[in-house]
Amino acid sequence: METSREKIKVMVVDDSALMRKMIPLILERSSVIEVVATAMDGAFALSKAEKYRPDVITLDLDMPGMDGLTALRRLVEDFGMPVVVVSSITRHGADLAMKAFELGAMEVVSKPKGALPANMRVISEELIRKVVAAKEGLPSRLRLEARRGAAAAASPPLPGQARRAEKVVAIGASTGGPNALTYMLPSLPRDLPAAVVIVQHMPPGFTGTFASRLRGICRLEVREARDGDHVAAGRILLAPGDAHATVKKTPAGHVIALSGGLPENGHRPSIDVLFRSVASEFGPAATGVIMTGMGEDGAGGIGDIRKAGGRTIAQDEKSSVVFGMARAAINRGHIDEVVPLDEMAGAIRDSICGNPGAAAEISR
């Protein structure tokens with residue numbers, strides 16, 4: 001099959017014959033994507049990867065024979081190919097997806113139950129967007145060893161016992177974010193006098209498992225955010241997939257408000273939605289952090305945090321898997337400090353504790 005050099009060459013790997021028909025139909029709705037091969041299991045995927053040399057692979061994880069995780073490890077280590085996982089929204093599927101991130105998967109897309117053609121249309125835009133992001137990313141920057149903090153042994157505080165947060169850290173991440181957050185968050189100190197609220201672009205059904213994974217390695221309490229959760233010092237709240245998250249002031253302190261509504265910048269939750277609310281509610285007591293990811297979500301909202309007197313930090317290009325969102329924020333003049341990933345926790349701590357480092361030189 002002839003391919004245009006301008007197009008992204010994709011191989012689809014799934015044991016379902018229906019999915020091997022539907023996913024190519026979805027992807028080729030984009031003028032920049034061409035499906036060059038399909039494979040029914042991991043062993044076929046490896047042989048066809050050698051033959052067709054695709055730019056990106058979409059990979060089911062739960063397959064007979066050579067399973068998806070084994071194939072993923074080989075595809076990343078032997079070929080250095082970007083992989084987008086297409087997985088079922090089940091606890092088992094979410095667990096596999098988290099393991100896939102550890103092995104170097106770029107993105108995850110949820111497979112609708114039943115995989116009916118009508119249901120597949122729901123993920124069409126997301127799948128195309130994530131395949132394009134994977135092509136632009138650098139898989140070599142995904143394999144980060146998770147740092148392990150002294151995870152809190154005490155039971156999570158009840159809402160009435162939560163320490164009112166006078167300061168907040170709002171973090172936005174997308175492609176490459178799960179591994180970057182897993183690497184960075186355990187370095188935040190147990191006594192951090194601020195709340196942390198995160199939007200990580202991730203499908204619904206996966207954020208709870210991701211929060212559980214973080215809870216086991218972080219010094220701070222971590223949970224998937226629920227509507228009405230207190231934004232408390234020493235607590236990390238991860239916005240759930242498919243719901244916008246904002247902070248709202250109440251007589252008892254700030255709480256999380258979850259809502260539906262249209263996606264913004266193609267995402268729900270949207271980083272911009274969170275950042276705007278943080279700027280409004282916390283003003284100069286906010287620190288905004290924008291990390292690895294494709295697109296411009298968060299680039300506008302972090303500017304609102306800066307205008308309100310808060311401090312803004314961006315992950316640098318060298319440590320980013322995709323330098324899209326951070327670049328957009330930097331180019332708009334919204335960033336005070338640009339730091340590599342391994343210095344991010346220190347920059348956050350210094351910002352919150354009133355000793356921000358000198359802003360790094362910003363290269364455009």
Side-chain angles (χ1 to χ4, degrees), residues 1 3 7-76 78-90 93-94 96-101 103-113 115-117 119-137 139 142 174-176 178 201-203 205-206 294 321-322:
M1 181 184 298
T3 61
K7 290 193 174 185
I8 300 170
K9 298 182 293 182
V10 179
M11 179 169 71
V12 174
V13 184
D14 201 294
D15 65 326
S16 164
L18 176 60
M19 294 296 285
R20 293 198 303 275
K21 292 180 180 178
M22 291 306 304
I23 292 178
L25 288 174
I26 286 172
L27 292 175
E28 291 187 335
R29 291 175 58 190
S30 169
S31 61
V32 301
I33 295 175
E34 182 169 7
V35 176
V36 296
T38 63
M40 63 185 297
D41 63 23
F44 278 109
L46 293 175
S47 64
K48 290 191 175 185
E50 177 72 30
K51 178 178 179 181
Y52 291 97
R53 293 285 170 172
D55 299 309
V56 180
I57 295 171
T58 72
L59 179 67
D60 185 20
L61 295 178
D62 198 359
M63 298 184 296
M66 181 185 289
D67 64 273
L69 289 178
T70 302
L72 172 62
R73 184 183 292 106
R74 293 279 304 280
L75 289 167
V76 171
D78 296 351
F79 298 98
M81 291 178 175
V83 175
V84 175
V85 166
V86 182
S87 183
S88 300
I89 308 177
T90 63
L96 289 177
M98 292 306 106
K99 292 177 183 176
F101 279 127
L103 294 174
M106 296 282 288
E107 290 277 12
V108 60
V109 178
S110 58
K111 183 189 296 185
K113 292 181 179 179
L116 297 174
N119 293 335
M120 289 303 297
R121 287 196 294 269
V122 175
I123 70 165
S124 175
E125 182 180 340
E126 180 188 12
L127 182 59
I128 290 171
R129 183 174 66 245
K130 290 189 173 182
V131 164
V132 172
K135 172 60 170 65
E136 295 187 4
L142 279 163
S174 189
T175 309
H201 294 155
M202 189 176 281
F206 294 90
M294 181 183 180
V321 174
V322 178

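Only a predicted model underlies this, so the values are computations on that prediction, with no experimental measurement involved. When a residue number appears, it is its place in the shown sequence, counting from 1.
Distance check, rounded to the nearest 0.5 Å: OG of S87 to CG of L96 gives 6.0 Å. To the nearest 0.5 Å, atoms CD1 (I23) and OG (S124) are separated by 11.0 Å. The structure places CD1 of I128 at 6.5 Å from CG of L27, a figure rounded to the nearest 0.5 Å. Rounding to the nearest 0.5 Å places CZ of F79 at 5.5 Å from CZ of R53. Distance CE/M40 to CG/D14: 10.5 Å, rounded to 0.5 Å. Between the OG atom of S174 and the CD atom of E107 there is a distance of 5.5 Å, given to the nearest 0.5 Å.
In the displayed structure, K48 atom NZ is contacted under 6.0 Å by more than 12 heavy atoms of other residues, nucleotides or ligands.
Checking each of L127, V35, V131 against I26 for a side chain to side chain contact (heavy atoms under 4.5 Å, CB included) leaves exactly one that passes, namely L127. L75 pairs with exactly one of L46, V13, T70 by the side chain to side chain contact (heavy atoms under 4.5 Å, CB included) rule, that one being L46. Test V10, V56, D55 against I33 for side chain to side chain contact (heavy atoms under 4.5 Å, CB included) and you get one pass: V10.
Side-chain contact between M202 and F101 is present, with at least one heavy-atom pair separated by less than 4.5 Å. You'll find the side chain of T38 reaches within 4.5 Å of the side chain of P24, heavy atoms only. No side-chain heavy atom of T175 sits under 4.5 Å from any side-chain heavy atom of K130. Side-chain contact between L103 and L69: present, with at least one pair of heavy atoms (C-beta onward) separated by less than 4.5 Å. P64 is listed as a side-chain neighbour of D15, based on a closest heavy-atom distance under 4.5 Å. Side-chain contact between M66 and D41 is absent, with no heavy-atom pair separated by less than 4.5 Å. Residues M294 and V132 are in side-chain contact: their nearest non-hydrogen atoms beyond the backbone lie under 4.5 Å apart.
Considering every non-hydrogen atom in both P203 and V109, the closest pair reads CG-CA, 4.2 Å. Between A133 and M106, the shortest heavy-atom contact is O-CE, 4.3 Å. Scanning both residues, A37 and Y52, for their nearest heavy atoms gives CB-CD1, 3.6 Å. Shortest non-hydrogen contact noted between M63 and L59 is CE-CD1, 3.9 Å. What you find for P54 and M81 is that their closest heavy atoms are CD-CE, 3.7 Å. Scanning both residues, G205 and A94, for their nearest heavy atoms gives O-CB, 3.7 Å.
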